[in-house]
Amino acid sequence: MHMPIKKVTPETEYAEIAGWVHEVRDLGGLLFFLIRDRTGILQVTAPKKKVNPAVLDVLKRISRESVVRIRGRVIAIDKAPGGRELVPDEVEILNQCETPLLLDVVEKVPAELDTRLDARFMDIRKPRITSVFLIRSEVIKAIHQFLFSRDFIHITSPKIVAAATEGGTELFPIAYFEKEAFLSQSPQLYKQMMMAAGFEKVFEIGPIFRAEEHNTTKHLNEATSIDVEVSFADHEDVMRLLEDLIVEVYTQVSNRCSEALETLSINELIIPRTPFPRITYQNAIDIAARKTKENIPFGDDIGTTAEKAIGEEMGEHYFIIDWPTVIKPYYAMPHLDSPELCRAFDLMHPRMELASGAQRVHIHELLIEQIRSKGLQPENFEFYLTPFRYGMPPHAGWGLGAERLVMTMIDLTNIREAILFPRDRHRLVP
RNA sequence: GCCCAGGUAGUGUAGCGGCCUAUCAUGCGGGCCUGUCACGCCCGCGACACGGAUUCGAAUUCCGUCCUGGGCGCCA
């Protein structure tokens with residue numbers, strides 16, 4: 001069996017490796033190949049006069065990015081990358097790669113994002129891009145471990161739904177036999193129903209679909225949402241959970257992804273410190289007014305320019321709390337003493353919003369009232385509202401954008417870099 | 001959806017009315033080269049998004065279409 005390239009050391013005597021031909025250098029009497037697998041790169045050196053002529057014939061036919069299996073002696077040599085190289089005894093071309101390549105995997109010549117996404121499988125072969133997705137995988141793993149260690153139950157909610165969750169965003173309609181259906185914009189209603197089911201602590205990591213025609217570097221039409229809901233908890237409880245989770249994710253990535261971080265030229269991943277600062281919505285719009293000289297009327301959402309100005313002032317992760325009830329969804333619990341404000345919060349990175357959450361309304365009558373006040377019909381949410389009449393505990397939760405978490409952590413400029421196959425206003429393939 | 005900037009070999013670019021039979025790099029094909037590591041050297045291959053207009057002449061100006069990047073809006 002072949003061994004991972006990373007495991008081939010100067011002490012290894014004999015190795016079989018399998019991978020892609022990263023580079024070929026023909027010096028006349030000496031032939032160098034760099035063979036790449038997901039763990040690293042190994043140099044294969046063939047002195048033309050010394051290797052078996054049959055092996056040499058095969059070697060001469062190999063094009064870059066072909067898939068090969070090579071067996072040979074490992075030689076410790078300082079002149080080679082990693083202090084070791086392989087002298088081939090047996091070479092097999094498992095699949096010859098066509099030329100020219102769709103883009104330059106070695107990155108001597110850059111490729112535009114659009115070109116890269118068209119040939120995403122090949123783009124991902126670049127060690128830098130592989131590193132992004134190794135880190136993303138570690139982020140997801142760390143979240144699972146963190147939440148399971150705190151006794152959360154993992155759930156899976158339907159992605160084909162009959163109605164909008166909360167209004168606001170546009171939905172993708174789909175044909176569901178003889179009925180109209182939509183792709184789910186959020187697991188919100190389902191995770192809340194699991195509170196009525198008695199699960200107490202649930203989480204889901206899954207796709208959400210938004211049919212907004214936005215065209216920015218931080219929006220996707222299909223994104224990955226990390227959703228959490230907790231019974232007998234309020235907004236403060238789940239904010240603490242969220243900041244602890246962020247710190248845990250950064251810590252695990254820092255501990256377990258040092259090579260990937262190095263590949264991305266991130267020398268030290270700075271782990272945020274808890275507690276994250278909390279500022280009220282009023283504070284936020286005051287900061288924005290001072291820095292941008294433009295007033296946000298109370299009750300308006302915070303636009304991109306204001307968001308950036310506030311982020312610049314804060315300079316680290318922070319929460320915006322005490323939002324006006326009018327701009328948050330109907331399921332956000334109003335403050336008892338000042339119902340124009342609610343127990344909703346947004347988790348912000350200086351660059352953008354990462355998560356939003358709230359203590360939820362668990363009182364049936366209040367929920368009906370709030371749904372009506374948003375201009376929605378309670379009749380359309382019957383399946384969701386019924387549990388509130390039969391023992392719904394108080395609860396709170398949040399939704400965190402996985403792509404935004406990854407992109408802000410490793411400083412990607414475009415959210416499309418943080419997902420394998422982005423879906424945006426114009427891209428549906430691959 | 002609005003605004004701005006773009007679309008030139010496989011990839012990334014230069015050229016912005018005649019010096020264009022279109023630059024350079026990388027790549028690809030061929031040749032030389034026994035320690036490369038962005039190997040080097042020689043020869044060759046390969047492109048003006050599409051449609052219309054202006055002009056003696058258009059890659060270059062204008063109009064339309066399609067596509068891309070960025071900013072904003074919407075949204076998370």
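Proteins come first, then strands; the chains are lettered A, B, ... in the order of their sequence lines, and each starts at number 1. Every heavy atom of this structure was used, including side-chain atoms; hydrogens, water molecules and symmetry mates were not.
Residue contacts shown for A:Leu113 are absent, as no nucleic acid heavy atom lies under 4.0 Å away. Counting any heavy atom pair closer than 4.0 Å across all strands shown, A:Lys49 reaches a base atom. Residue contacts shown for A:Asp26 include a base, since a base heavy atom lies under 4.0 Å away. Here A:Gly399 lies out of heavy-atom contact (under 4.0 Å) with every strand. Note on A:Glu85: a base of the nucleic acid sits closer than 4.0 angstrom, heavy atoms only. Within 4.0 Å of A:Lys308, counting heavy atoms only, lie sugar-phosphate atoms of the nucleic acid but no base atom. Counting non-hydrogen atoms under 4.0 angstrom, A:Ile77 reaches a base of the nucleic acid. Across all strands, A:Asp301 comes closer than 4.0 Å to no nucleic acid atom at all (heavy-atom distances).
When the P atom is used for both B:rU61 and B:rG46, the distance is 27 Å, rounded to whole Å. With C1' as the reference atom, B:rG73 and B:rC16 are 33 Å apart, rounded to whole Å. Between B:rG18 and B:rC43, the two P atoms lie 29 Å apart (nearest whole Å).
No side-chain N or O of A:Glu340 forms a donor-acceptor pair with one of A:Thr325 less than 3.5 Å apart. No side-chain donor from either of A:Glu243 and A:His317 sits under 3.5 Å from a side-chain acceptor of the other.
Atom CE of A:Met333 and atom CZ of A:Arg343 lie 6.5 Å apart (nearest 0.5 Å).
The pair A:Arg240-A:Asp234 does not meet the salt-bridge criterion, since no charged nitrogen lies less than 4.0 angstrom from a carboxylate oxygen. Comment: A:Arg36 engages A:Glu65 in a salt bridge, judged by a side-chain N to carboxylate O separation of less than 4.0 angstrom.
In this model, the phosphate group of B:rG71 is approached by a side-chain N or O of A:Thr217 to a distance below 4.0 Å at OP1 or OP2. Phosphate proximity of B:rC28 to A:Ser63: absent, as no side-chain N or O sits under 4.0 Å from OP1 or OP2.
B:rC37 atom P lies 19 Å from atom CD of A:Glu107, rounded to whole Å. The nearest whole Å value for the distance from the NZ atom in A:Lys48 to the P atom in B:rC32 is 9 Å.
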